[in-house]
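To keep things clear, I will list the structure first and then write my remarks on it.
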Amino acid sequence: MNDKFLKPYDPKTTEDRIYALWEESGFFNPDKLPERNQKGEPFSIVLPPPNVTGVLHMGSALMLAIEDIMVRYARMKGKKTVWIPGTDHAAIATQAVVEKDIQKKEGKSRHDLGREELLKRIDVFAQQSRDTIVKQMRKMGCSIDWSREAFTLDEARNFAVRTAFKKMYDDGLIYRGNRVVNWDPKGQTTISDDEIEYETRKTKLYTFKYSKDIPISISTTRPETKLGDTAIAVHPDDARYAHYVGKEYDAVFAGEPIHLKVIADRSVEPEFGTGALGVTPAHSSIDWEMAQRHVLPLKQVINEYAKMTAGSDAIKGKKVAEAREAVVAWLKEQGLLEKEEDIEHNISIAQRTGGVIEPLPKLQWFVGVNTEFERDGKTTTLKTLMKEAVAGSSAIQVIPERFEKVYFHWIENLRDWCISRQIWYGHRVPVWYKGAELYCGMEAPKGEGWTQDEDTLDTWFSSGLWTFSTLGWPDEAEFKKNRAYHPTTILETGSDILFFWVARMILMSTYLLNEAPFKTVYLHGLVRDAQGRKISKSLGNNIDPLDMIAKYGADAVRMSLIVGVGPGNDSKVGEDKIKAYKLFANKVWNMTRFILTAVGEDVTYDPTFTAWSSADAVHIQRLNELLNEITKEMDEFKFYLVSEKLYAYAWHEVADVILEESKKILAEGSPEEIVSRKQFLLQCLIRMIAALHPFMPYVTEEIWADLPHSNKSDKSLLMVEKWPV
RNA sequence: GCGCGGUUAGCUCAGUUGGUAGAGCAUCCCCUUGACGUGGGGAGGGUCACAGGUUCGAAUCCUGUAUCGCGCACCA
């Protein structure tokens, strides 16, 4: 027996060495896998590219653990397995981080630096961040094919983005339109509907008349926007106001001349407030839609800095919050204010910057999700394609299934996707202008005087292409080589990015490739702290996976994240739990020591042994049953059950019962019983270690090196051994 | 408002197709220092949120209620 077993298992001196062995073997790369896998069916998975803004947190550790389990299991099952890594440029998030840093350290804004210099700085940051993330993923033991690493903003992915954009533009699915969009005054950019978070706050609902001459009272939480009103809307069946419909009024409201037309619209709720509302087409998307229906003029009174551009001197140039007070003061002074009530109200916040969203009319690029087009001889829309990909029998399977409902619900409410951003870091919109001319193409058009659109694309536009842009698309030769890997076998990611990413991948893939991006989606939940609180900077309750790995080993961290944590469910992790699995790794280590010692060097392992004693016949049957059971559960992605069962089997059946019983048999049993027991102990250990490998790759690989197994050779690694069914 | 999920031992959670309630941690007792930077054996502790229903039988299926969390919508 190797002397290493005389000491307790030490992940620190083991893990990096083992990882190096794996990498040297080349087995992370599907093309370098053994013969058996070359002939196996393909298994492919893309890594949800971590944002280059950050470092690894427990959530990413969970993701990596689940995915590595899937990948290692597939490899052991003999599949031609590839796991493709990469990072996400995370446009707004990254630019915001770097800008903030430069502002803090140098007191300079992005405009002081200029586009080119800022991009250079971000690239440096992104590269460093990428290196950190990659290092962390190695520490976790990820068996990922580094030779295929991609970046959502590299050359190849930019080519994919331009190709996708142009095709969608040519097909009329991407259009430029002037609409009220979500403007983030803090980030100085538009954002999509999904990048908004809502916060309930107490606010005041004011009821007032625009002037003494206008008979209808309206209610609003934002009096300052009323300077931009161009209509008063009432419900068509509301008898109180029927006789006003069609009438027009002029007034000077807080120093601003306004012209209002009374319209009837079914979207007005007669029960709310006075049953009449002021229509502000420029600063509310609902009102914008109403204005479209009634052909109302649009009047912008708030600018990109959330400051007023109209009104009296007390108002013009002021921030909206101050302007609100000024308008209310004016209303009181004029005796127009009728009521002031406290209400709870949702305000829209930009997810990345925390800025309060200001709806503004802007000329932006959109993906038309309801735009009809021809596909396979039928008229369809992107929305329909997205729906069909998950409905239907041959469709994408979502685990847990309940998220399908959430997905469909989201699609029902989906509006056109605003994809242009007024930031510099990202894929530039591949459109050029010359006067009134517009050109969309892969490269700048020939001739003088063309300038490229200043905007960049939503980061999710490029991540939407991820399953196939990482496989070479749209380069035909390159993509052909990898064609067997798409649709990818499975997508594993956090349930929180179902809409952002999963849905967008389905959109892009079904549209551009006419096939689903993956066959199965496995969603994991949020990792919380030991008390069940969300991990957040302000709480300071972040547990750094790297610290935990240093202390307890990657195997322990992986197990602690996996055991008992079903798909889609939030989980709690604390140091105690991690520690418990470090003890388990050591337990397995010691069981190995005991078995190897008890069996002795002179016994040859015989995998075909069948002359079991009556006691061992029971044990071997149980082992077979267990392995069959967990294999089925592995195929059903029930890793939380398998890990728990293996833990319980190893510790409480093998160690507590079988090993204790063996002491007596080996000392006092008949020769037949002793031979049988020794063969059983070896077989049990070998198969148990193999089954544990996807979960605890390091300790099992380290033990494997000293086990008597069938194809013993220097290159024999557990990671490519057969799954022990 | 609509939808989704949770509610099981002090804590964290399992409970696969309905068949006498489980694990880990914690607590208490006993044993163990020749596999185990300890380990083993045992004990206490739950009207499975509540109320109905289906069934020979319900933690499990159905209906409703409460409560917590989340998503979406509304947000004048």
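Chain identifiers are assigned alphabetically (A, B, ...) following the order of the sequence lines, protein sequences preceding nucleic acid strands; residue numbering begins at 1 within each chain. The figures that follow rest on heavy atoms only: side chains count, while hydrogens, waters and symmetry mates do not.
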Passing option when D287(A) is tested against L277(A), V180(A), L298(A) for side chain to side chain contact (heavy atoms under 4.5 Å, CB included) | L277(A)

Closer than 4.0 angstrom, basic N to acidic O: yes or no for [X] and [Y]?
X       : Y       : value
K202(A) : D342(A) : no
D194(A) : R504(A) : yes
K632(A) : D635(A) : no
E629(A) : K645(A) : yes

For [N] versus [M], give the span between their [atom1] atoms, rounded off to a whole number of Å.
N      : M      : atom1 : result
G24(B) : C61(B) : P     : 26 Å
G6(B)  : G15(B) : P     : 11 Å
C29(B) : A66(B) : P     : 46 Å
G1(B)  : C50(B) : C1'   : 25 Å
A59(B) : G53(B) : P     : 15 Å

Scan [X] against the nucleic acid and name what it touches under 4.0 Å (heavy atoms): base, sugar-phosphate only, or nothing.
X       : value
T220(A) : sugar-phosphate
A648(A) : nothing
N569(A) : sugar-phosphate
T221(A) : sugar-phosphate
I347(A) : nothing
E412(A) : nothing
E344(A) : nothing
I286(A) : sugar-phosphate

Whole-Å gap separating [atom2] ([N]) and [atom1] ([X]):
X       : N      : atom1 : atom2 : value
F408(A) : C4(B)  : CZ    : C1'   : 14 Å
K582(A) : G37(B) : NZ    : P     : 10 Å
L523(A) : G71(B) : CG    : P     : 15 Å
Y198(A) : C72(B) : OH    : P     : 7 Å
K7(A)   : C36(B) : NZ    : P     : 15 Å
E271(A) : C74(B) : CD    : C1'   : 15 Å
F639(A) : C13(B) : CZ    : C1'   : 20 Å
I411(A) : G3(B)  : CD1   : P     : 19 Å

Can you figure out which of U16(B), A35(B), G40(B) approaches the side chain of D656(A) most closely?
->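 The nucleotide sitting nearest to the side chain is G40(B).
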
Out of G37(B), G71(B), A14(B), minimum distance to the side chain of N586(A) belongs to G37(B)

Under a 3.5 Å cut-off for both contacts, is [N] paired Watson-Crick or G-U wobble with anything, and if yes, with which nucleotide?
N      : result
A23(B) : U12(B)
A66(B) : U7(B)
C72(B) : G1(B)
C61(B) : G53(B)
U17(B) : none
G34(B) : none

In sequence, state the C-alpha distance, the side-chain angles, and the governing distance for V328(A) and K204(A), and then conclude on side chain to side chain contact (heavy atoms under 4.5 Å, CB included).
-> CA-CA 11 Å; V328(A) 172; K204(A) 294 215 186 302; over 6 Å; no

Base of A35(B) paired with side chain of E660(A) (donor-acceptor, under 3.5 Å) = yes

Is there a donor and acceptor pair closer than 3.5 Å between the side chain of K587(A) and the base of C36(B)?
->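 Yes, a donor-acceptor pair under 3.5 Å.
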
Examine G37(B): is either OP1 or OP2 under 4.0 Å from a nitrogen or oxygen in the side chain of W589(A)? Give yes or no.
-> no

Roughly how far, to the nearest 0.5 Å, is CD1 of I674(A) from CD of Q679(A)?
->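 So the CD of Q679(A) and the CD1 of I674(A) are separated by 13.0 Å.
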
